[in-house]
Amino acid sequence: MRRLGRVTEDLPEQMQVRRDKRERLLAAQQDVYPVKLPLTASLAEVRDRHEGLEPGEITDDVVTVAGRVIFIRNTGKLCFVKLQEGSGVSLQAMLSLDRVGEERLADWKADVDIGDHVWVTGAVGASRRGELSVFADAWGMASKALRPLPIAHKDMNEESRVRRRYLDLIVRPEARDMARQRVAVMRSLRNSLDSRGYLEVETPVLQTLHGGAAARPFVTHINAYDIDLYLRIAPELYLKRCVVGGLERVYDLNRNFRNEGADSSHSPEFAMLEFYQAYADYRDMAELTRTLIQQAAVDVFGGTTVTHADGSVHDLGGDWPWVSVYPALSEALGHGIDPQTPRQALLDLADEADLGIDPAWTEGRIVEELLEHHVVAHFTGPTFVCDYPVDNAPLVRDHRYEPGVVEKWDLYIGGVELATGYSELVDPVIQRERLLAQAKLADRGDDEAMHLDEDFLEALEHGMPPTGGVGMGIDRLLMTLTGRGIRETILFPLVKPDRGASERGELQ
RNA sequence: GGGCCUCUAGCUCAAUUGGUAGAGCUGCGGACUUUUAAUCCGUAGGUUGCGGGUUCGAGUCCCGCGGGGCCUACCA
């Protein structure tokens, strides 16, 4: 809510001072927000061109550069300013009485604040202390800032960093790095897939049915048709339509929306890569997934050994071990179990481990719970867990040898489930049965279960080639590579509005 | 959903058993032609998240609401 009447009166002094300066400059016919500046170089270019100047040396390279003022030091007849540009590169400029004259030096001291964008024209040289600098002959305002920057040598608290990411980006190099690393990881994934003949496609965000995962959707409404729509929870069913249609290697690097809890590893809006390849099985897809992740680590961090924010070192290189659900669980329990183990035996095991079991859960769900507790919790390096019970994987084909399990793996790195891969179920009859069972669950009020997608089933009935598929969380991949929380890997994670502040008019 | 913690100046943080809300940086005025968390002198800045209550007196104690964090539960 804007409360215009209160804006100027209650303003903290520092903001009022800056507004006054703006007014004064405008009144003096000075352009405080010029539309275009005659820049001749970026700060980075100046740095590249003039490495290693001797202290006191001044070149005849005259440049016009601009940047945000991030540091300022005014003395009687000589002013220092550190300018920063978008890349994070900074460069010092020096304004001396000799070069800019008495009037413009006085103007500089009176008009410029930390946070403003300014331009300077002058020769490139090095200060007596040896710092590369522009010795300004002229300067001007490029954009007047009306609010102060947070102080540079103390981090803002986490909430402020998220709510005002632009300040975080100005002040904290790690924030800029993350923004670039995220893009670099996605570019690496695209390059890896493109070079293997994959086609990047876009699947719809607005869907009349939500499918491809078990998650509660966001609901919206289309006025033109007067029906409710769901925001995508997974692109899977559309990518499979692509495979049926002959686009045999497809991926969608997409945004999904799940109306569930938000915590340090879950964001309601999150990025995911799904890719499907005809004539591949889940083992092929696991190999490809490992390659994609390792290549991303190499492309972005220079190697498969990555260092986290806390200084810990993690080796993602080489082959990654496989662990099969039932054998691994049997070993951990010291008690043989398999898909035929009766429900009561599973419940007893869950009781022993003090796991809270919902009576509605299927046997497979209970097995997965036991698995998390007894096996997954002890992983150290990257690990593929494979051959899951059929119950919770309606879109996966049965294992080719082992009865009661499906050809599915989950990839765990650093305790986080990073990706999942399948040999996709392509038998349209079995697929229909599985989805029908899910739909019945939905009728019983389980709104995470899928509704029957007849269009998808009809597509399958036209014949889908044997196919492998993978879904991988991009935010989680960034977390795995950097050791940062999910809210740091996303530039603008969802935050609740700060109602108190807006009611007081502080957000203007 | 449950539990615990937290919200104080533009920013980062103090404030003893309930007793005049402080500091650093930033800002403002001044000195300084080599600063870079400059230094020196002077100075300003607050509805302590919001609303109630207890009390002679509340940043502090109690209740409600809002934001955030952690744990837990839920979770393809």
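So you know, we letter chains A, B, ... as the sequences are listed, proteins then strands, and number each from 1.
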What does [X] touch in the nucleic acid at a heavy-atom separation under 4.0 angstrom: a base, only the sugar-phosphate, or nothing?
{"X": "A:Ala393", "answer": "base"}
{"X": "A:Glu131", "answer": "base"}
{"X": "A:Arg164", "answer": "sugar-phosphate"}
{"X": "A:Thr75", "answer": "base"}
{"X": "A:Asp155", "answer": "sugar-phosphate"}

Quickly work out the [X] [atom1] to [N] [atom2] distance and round it to whole Å.
{"X": "A:Gln16", "N": "B:rA44", "atom1": "CD", "atom2": "P", "value": "19 Å"}
{"X": "A:Arg99", "N": "B:rU34", "atom1": "CZ", "atom2": "C1'", "value": "14 Å"}
{"X": "A:His373", "N": "B:rA73", "atom1": "NE2", "atom2": "C1'", "value": "15 Å"}
{"X": "A:Met15", "N": "B:rG46", "atom1": "CE", "atom2": "C1'", "value": "14 Å"}
{"X": "A:Arg163", "N": "B:rC11", "atom1": "CZ", "atom2": "P", "value": "13 Å"}
{"X": "A:Gln84", "N": "B:rU36", "atom1": "CD", "atom2": "P", "value": "19 Å"}
{"X": "A:Glu13", "N": "B:rU43", "atom1": "CD", "atom2": "C1'", "value": "10 Å"}

[X] side chain, from C-beta outward: closest of [options]:
{"X": "A:Met156", "options": "B:rU33, B:rU36, B:rU12", "result": "B:rU12"}
{"X": "A:Ala213", "options": "B:rC75, B:rA76, B:rC28", "result": "B:rA76"}
{"X": "A:Lys77", "options": "B:rC32, B:rG68, B:rA76", "result": "B:rC32"}
{"X": "A:Tyr422", "options": "B:rG27, B:rC75, B:rA76", "result": "B:rA76"}
{"X": "A:Phe80", "options": "B:rU34, B:rA38, B:rC11", "result": "B:rU34"}
{"X": "A:Glu159", "options": "B:rG67, B:rC28, B:rG10", "result": "B:rG67"}
{"X": "A:Leu97", "options": "B:rU33, B:rG68, B:rC28", "result": "B:rU33"}
{"X": "A:Arg365", "options": "B:rU33, B:rC75, B:rA37", "result": "B:rC75"}
{"X": "A:Ser127", "options": "B:rU34, B:rG67, B:rC75", "result": "B:rU34"}
{"X": "A:His266", "options": "B:rC28, B:rC75, B:rU34", "result": "B:rC75"}

OP1 or OP2 of [N] under 4.0 Å from side-chain N/O of [X]:
{"X": "A:Lys154", "N": "B:rC11", "value": "no"}
{"X": "A:Arg73", "N": "B:rA38", "value": "yes"}
{"X": "A:Arg216", "N": "B:rC74", "value": "no"}
{"X": "A:Asn157", "N": "B:rU12", "value": "yes"}
{"X": "A:Lys109", "N": "B:rC28", "value": "no"}

How far does the [atom1] atom of [N] sit from the matching atom of [M], given to the nearest Å?
{"N": "B:rA73", "M": "B:rC61", "atom1": "C1'", "value": "32 Å"}
{"N": "B:rG24", "M": "B:rG67", "atom1": "C1'", "value": "27 Å"}
{"N": "B:rC70", "M": "B:rU8", "atom1": "C1'", "value": "22 Å"}
{"N": "B:rA15", "M": "B:rG49", "atom1": "P", "value": "15 Å"}
{"N": "B:rA44", "M": "B:rC28", "atom1": "P", "value": "15 Å"}
{"N": "B:rA23", "M": "B:rU16", "atom1": "P", "value": "16 Å"}
{"N": "B:rA9", "M": "B:rU48", "atom1": "P", "value": "10 Å"}
{"N": "B:rG51", "M": "B:rU36", "atom1": "C1'", "value": "47 Å"}

With both distances under 3.5 Å as the test, what is the Watson-Crick or G-U wobble partner of [N]?
{"N": "B:rC74", "result": "none"}
{"N": "B:rG64", "result": "B:rC50"}
{"N": "B:rA58", "result": "none"}
{"N": "B:rC11", "result": "B:rG24"}

Under 30°, 30 to 60°, or over 60°: which ring-plane class applies to A:Trp320 and A:Phe384, parallel, tilted or perpendicular?
tilted

So does [X] pair up with [Y], basic N to acidic O under 4.0 Å?
{"X": "A:Arg24", "Y": "A:Asp111", "value": "yes"}
{"X": "A:Asp116", "Y": "A:Lys21", "value": "no"}
{"X": "A:Lys77", "Y": "A:Asp98", "value": "no"}

Under 3.5 Å, is there a donor-acceptor pair between the side chain of A:Arg163 and the main chain of A:Lys496?
yes

Just by distance, with hydrogens left out, do A:Asp427 and A:Gln431 show a side-chain donor and acceptor under 3.5 Å apart?
no

If you measure only the distance, is there a donor-acceptor pair under 3.5 Å linking the side chains of A:Tyr276 and A:Asp252?
no

Scan nucleotides 1-4 of chain B against the protein and return all N/O pairs shorter than 3.5 Å with their distances rounded to 0.1 Å.
none

Taking the nucleotide of RNA chain B with the closest heavy atom to each, which residue, A:Gln14 or A:Pro150, is nearer the 5' end?
A:Pro150

Walking RNA chain B from its 5' end, the first of A:Pro148 and A:Gln92 to be reached, judged by nearest nucleotide, is A:Pro148

Taking the side chain as every heavy atom from C-beta outward, state whether [X] and [Y] have any atom pair closer than 4.5 Å.
{"X": "A:Trp322", "Y": "A:Arg283", "result": "yes"}
{"X": "A:Val396", "Y": "A:Leu425", "result": "no"}
{"X": "A:Glu269", "Y": "A:Leu494", "result": "no"}

Whether the side chain of A:His153 and the base of B:rC25 hold a donor-acceptor pair under 3.5 Å is what I'd like checked.
no

Enclosure of A:Lys154 NZ (heavy-atom neighbours >12, cutoff 6.0 Å)
no

